[in-house]
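This report concerns only the one structure given below.
Heavy-atom basis, side chains included; hydrogens, waters and symmetry copies ignored.
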Amino acid sequence: MKRILSLIVLLVLVGGGFGVWYYVIRDDAPPKLALTTRATVASTTGPDGHYVVQSGADTTAGFRINEKFGPLAHTAVVQTSGVSGSLTLSGSHVSGVAIKLDMTALESKDDQPPGVFPV
C-alpha cells in the first residue's frame with residue numbers, strides 16, 4: 001500500500017513539475033523580426049523617389065520585453081500588422097519620413113494557458 005501511495009505522490013510531483021515548467025518557466029517567444037528583401041523596379045535615375053510601406057500580413061512592427069520573476073526569465077512579445085508609412089529619398093537626403101502604427105491592433109504573441117483569456 002505504501003508503495004502505491006509513494007508512486008501516486010511521485011506521479012503527482014512529476015506531473016506538477018512538468019505543468020509548472022510548461023506554463024510558467026518555458027520561454028517560447030516567437031523569433032525576432034527581420035527585414036524581408038523585396039524585388040524593386042530598376043530606375044535610370046537611381047534610388048531617388050517616394051517610398052511607401054507595403055501593408056499586409058507580413059508587414060509587422062512590435063516590441064519585446066525581457067521579464068524577470070526572481071530566478072525565472074520570460075520574453076513578452078507584442079506585435080501589430082497595422083503599419084503604414086512613407087519617405088522620400090533625394091540623393092543622400094531623406095525627408096518626409098512618416099511611420100504610423102495602429103496601437104489598438106497590438107496583440108500579445110505569448111501562448112496563453114487553457115482557460116486564460118488573452119489581454
Side-chain angles (χ1 to χ4, degrees):
M1 185 65 157
K2 279 188 175 184
R3 206 173 253 189
I4 293 174
L5 185 57
S6 296
L7 183 61
I8 291 171
V9 167
L10 179 64
L11 289 173
V12 168
L13 289 175
V14 169
F18 176 78
V20 167
W21 170 80
Y22 188 83
Y23 290 115
V24 178
I25 299 173
R26 178 180 65 114
D27 192 3
D28 58 345
K32 293 182 178 182
L33 297 175
L35 295 176
T36 302
T37 303
R38 300 185 191 269
T40 57
V41 178
S43 172
T44 58
T45 62
D48 291 354
H50 185 73
Y51 294 87
V52 178
V53 172
Q54 283 186 331
S55 298
D58 36 331
T59 300
T60 304
F63 59 90
R64 302 168 86 78
I65 298 174
N66 294 322
E67 303 173 316
K68 297 219 180 236
F69 304 102
L72 306 177
H74 176 261
T75 303
V77 179
V78 179
Q79 296 176 347
T80 180
S81 59
V83 182
S84 63
S86 63
L87 65 85
T88 302
L89 179 63
S90 177
S92 62
H93 183 72
V94 177
S95 62
V97 177
I99 304 294
K100 295 181 183 180
L101 303 175
D102 182 1
M103 301 294 275
T104 63
L106 285 172
E107 294 179 358
S108 171
K109 297 301 177 184
D110 289 339
D111 286 339
Q112 298 292 332
V116 177
F117 295 105
V119 179

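We find the CG-CG distance between Leu89 and Asp48 to be 5.5 Å, quoted to the nearest 0.5 Å.
Both Met103 and Ile99 are members of a single hydrophobic cluster when ILVMFWY side chains are connected at heavy-atom separations under 4.5 Å. With hydrophobic clusters built from ILVMFWY side chains whose heavy atoms lie under 4.5 angstrom apart, Val78 shares a cluster with Leu101.
Leu5 shares a hydrophobic cluster with no other residue; no ILVMFWY side chain has heavy atoms under 4.5 Å from its own. Other cluster members for Val9: Leu13, joined by side-chain heavy-atom distances under 4.5 Å among Ile, Leu, Val, Met, Phe, Trp and Tyr. Chaining together hydrophobic side chains whose heavy atoms lie under 4.5 Å apart leaves Met1 on its own.
Legend: residues meeting side-chain hydrogen bond (donor to acceptor under 3.5 Å, both in side chains) with Thr104, ordered by chain and number and at least two apart, are Asp102.
By the neighbour-count criterion of 12 heavy atoms within 6.0 Å, atom CG of Leu7 is densely surrounded, having more than that number from other residues, nucleotides or ligands.
A side-chain hydrogen bond (donor to acceptor under 3.5 Å, both in side chains) check over residues 78-101, counting only residues at least two apart or in different chains, returns the pairs His50-Thr88.
Closest non-hydrogen pair, Thr60 versus Val83, comes out as C-CG2, 4.1 Å.
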